[in-house]
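Below is one structure, written out as structure tokens; comments come after it.
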There are 2 protein chains.
Amino acid sequence: MQRMTRQRSAVTEVLADTDDFRSAQQLHETLRSRGHGIGLATVYRTLQSLADGGEVDVLRTTDGEAVYRRCARREHHHHLICRGCGATVEIEGPGVEAWAAQVGAAHGFEDIEHVVELWGTCARCAARAAHP
Amino acid sequence: MQRMTRQRSAVTEVLADTDDFRSAQQLHETLRSRGHGIGLATVYRTLQSLADGGEVDVLRTTDGEAVYRRCARREHHHHLICRGCGATVEIEGPGVEAWAAQVGAAHGFEDIEHVVELWGTCARCAARAAHP
DNA sequence: CTCGACTTGAGAATGATGCTCATGAAGCGT
DNA sequence: ACGCTTCATGAGCATCATTCTCAAGTCGAG
């Protein structure tokens, strides 16, 4: 079972407040700045369990760092993420599911999962880069 | 310029000998076992420069570990990778390029890149799992 | 309210990867 | 083939994200 602790609700609250993908460290920072005393290890543990329960989406930046986001849809979907600030748009991958399963099976692979994410620079970050 | 050293050619040779995605550590291991004296740092540096030059493909496992592969095609393409052993099949992503660029632009994002990879368990690893 | 079981957190441990700098070797020019 | 300049190497240390440890704290069922 999963207990509802002060720390756990603080994490879900912060996640609910942003639409961007954020790293565990960034979330921890935000939590501290809001006055919640919470340990980094707890943030990692909580994010892990939320991810296991499908309540948050996790993905890896090109640097290999894990970033988390509370998505609107619980069904599988994809993202367009800003490399600069983490701003995210949920997107559709038309026909991707079927294509992935079919290609996998055609090569004798089982338990197929697919990773389909778009990375770019959002308008705001592009503007910021233009005015240094 | 890029000098051709004993170590560098050893790395490219090992990469040429496998079709699987391999981590820097695994490649280092293989190199040592073949009798090449080579430092881990050199393996990392060499892989990095090969990747920068587009001679090897790099991607991240779900654990965030970087894995490398000498691909047949130099043009952009996608992969179906075995989670167990790294065995890889190069695949086509029909229409993905155009779709990615279009979706990105529609949301005001620039410099769009896309990550499209399929992960699964290859037939050999599935069989191995069945006979413990 | 009580108490056991789960959770927390500070700090240490781990693991991948990057950095340093003294030493080695590629390869250009001769 | 011979130097010589310059870039490459490697052993070990540094860093950074993430996980582990375990004593102390706190949910929440009864």
Side-chain angles (χ1 to χ4, degrees), chain A residues 1-15 20-53 55-69 81 83-86 119, chain B residues 1-15 20-53 55-69 81 83 85-86 115 119:
Chain A
M1 82 241 60
Q2 195 63 67
R3 287 186 187 170
M4 183 47 58
T5 64
R6 177 170 49 78
Q7 293 86 343
R8 194 177 179 82
S9 53
V11 170
T12 56
E13 177 196 312
V14 168
L15 283 168
D20 307 352
F21 267 100
R22 287 287 153 78
S23 71
Q25 314 252 1
Q26 288 177 315
L27 291 166
H28 179 239
E29 187 85 1
T30 304
L31 285 159
R32 304 300 283 230
S33 75
R34 290 196 186 180
H36 296 98
I38 185 172
L40 184 54
T42 303
V43 174
Y44 274 105
R45 265 188 306 241
T46 305
L47 289 171
Q48 180 107 61
S49 87
L50 288 173
D52 289 348
E55 305 200 42
V56 298
D57 277 15
V58 197
L59 51 88
R60 298 269 173 181
T61 66
T62 45
D63 298 333
E65 192 180 16
V67 287
Y68 305 82
R69 178 178 194 262
I81 311 111
R83 274 185 289 263
C85 65
W119 294 87
Chain B
M1 83 239 56
Q2 194 63 65
R3 288 183 186 172
M4 183 49 58
T5 65
R6 178 169 50 78
Q7 293 85 344
R8 193 178 180 84
S9 52
V11 171
T12 56
E13 177 196 312
V14 168
L15 283 168
D20 308 352
F21 268 100
R22 287 288 153 78
S23 70
Q25 315 251 1
Q26 287 177 316
L27 291 166
H28 180 239
E29 187 84 2
T30 303
L31 285 159
R32 305 299 284 230
S33 75
R34 291 197 186 180
H36 297 98
I38 185 172
L40 185 54
T42 302
V43 175
Y44 274 105
R45 263 188 306 240
T46 304
L47 289 170
Q48 180 105 59
S49 86
L50 288 173
D52 288 348
E55 304 200 43
V56 298
D57 277 15
V58 197
L59 51 88
R60 299 268 171 182
T61 67
T62 44
D63 299 332
E65 192 180 16
V67 286
Y68 305 83
R69 179 179 193 262
I81 312 111
R83 275 184 289 262
C85 65
V115 176
W119 294 87

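FYI, side chains are in, hydrogens and waters are out, and symmetry mates aren't considered; it's all heavy atoms of this structure. Order of the sequence lines fixes the chain letters, A, B, ..., with proteins taken first and strands second; residue numbering starts at 1 for each chain.
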(message) How many whole angstroms separate atom OH of Y68(A) from atom P of dA17(D)?
(response) 12 Å
(message) List the residues meeting salt bridge (charged side-chain N to carboxylate O under 4.0 Å, His left out) with E29(B), not counting sequence neighbours, and say none if there are none.
(response) none
(request) Go through the structure and list residues passing side-chain hydrogen bond (donor to acceptor under 3.5 Å, both in side chains) with R83(B), not counting sequence neighbours. (result) E113(A)
(request) Could you tell me whether the phosphate oxygens of dT19(D), OP1 or OP2, come under 4.0 Å of any side-chain nitrogen or oxygen in Q48(A)? (result) yes
(request) Quick one: list whatever passes side-chain contact (heavy atoms from CB on, under 4.5 Å) with Q25(A), sequence neighbours left out. (result) S23(A), L40(A), Y44(A)
(message) Let me check the geometry of the helix from dC1(C)-dG30(D) to dT30(C)-dA1(D). What is the bend angle between the axes at its two ends, five pairs each, to 10°?
(response) 40°
(request) Taking side-chain hydrogen bond (donor to acceptor under 3.5 Å, both in side chains) as the test, write out the residues that go with R34(A), two or more places apart. (result) E13(A), D17(A)
(message) Expressed as a whole number of angstroms, how long is the span from L50(A):CG to dT7(C):P?
(response) 12 Å
(request) In whole angstrom, give the distance that lies between atom CZ of R60(A) and atom P of dA17(D). (result) 12 Å
(message) What is the distance, to the nearest angstrom, from the CZ atom on R8(A) to the P atom on dT7(C)?
(response) 8 Å
(request) Check whether any side-chain nitrogen or oxygen of Y44(A) sits under 4.0 Å from OP1 or OP2 of dT19(D), and answer yes or no. (result) no
(request) Please identify each residue that fulfils salt bridge (charged side-chain N to carboxylate O under 4.0 Å, His left out) with R22(B), with sequence neighbours left out. (result) D20(B)
(request) Name all residues meeting the side-chain hydrogen bond (donor to acceptor under 3.5 Å, both in side chains) criterion together with E55(B); count only those two or more places apart in sequence or in a different chain, and write none if there are none. (result) none
(request) Grab the CG-C1' distance between L40(B) and dT9(D) for me, whole Å please. (result) 13 Å
(message) In this structure, how many angstroms lie between the C1' atom of dG18(C) and the CG atom of D63(A), rounded?
(response) 12 Å
(message) My understanding is that only residues two or more places apart in sequence, or in another chain, count here; which of them pass side-chain contact (heavy atoms from CB on, under 4.5 Å) with T5(A)?
(response) R3(A), Q7(A), R8(A)
(message) Treating H36(A) as the side-chain partner and R6(A) as the backbone partner, does any N or O pair qualify as donor plus acceptor under 3.5 Å?
(response) no
Output a table of donor-acceptor pairs, distance under 3.5 Å, between side-chain atoms of residues 62-69 of chain A and any protein atom two or more places apart or on a different chain; print 'none' if there are none.
from	atom 1	to	atom 2	distance (Å)
R69(A)	NE	D19(A)	O	2.4
R69(A)	NH1	E90(A)	OE2	2.9
R69(A)	NH2	D19(A)	O	3.2

(message) Please list, in numerical order, the residues of residues 23-38 of chain B that have a heavy atom closer than 4.0 Å to any atom of DNA chain D.
(response) G37(B), I38(B)
(message) Each nucleotide in nucleotides 22-30 of chain D should get exactly one letter: B, S or -. Can you fill that in based on protein heavy atoms under 4.0 Å?
(response) ----BBS--
(message) Under the rule for side-chain hydrogen bond (donor to acceptor under 3.5 Å, both in side chains), what residues qualify as partners of R60(A), not counting sequence neighbours?
(response) none
(request) For G39(A) and for A66(B), find the nucleotide of DNA chain C with the closest heavy atom, then tell me which residue's nucleotide is more 5'. (result) G39(A)
(request) Taking the side chain as every heavy atom from C-beta outward, state whether V115(B) and L59(A) have any pair of such atoms under 4.5 Å apart. (result) no
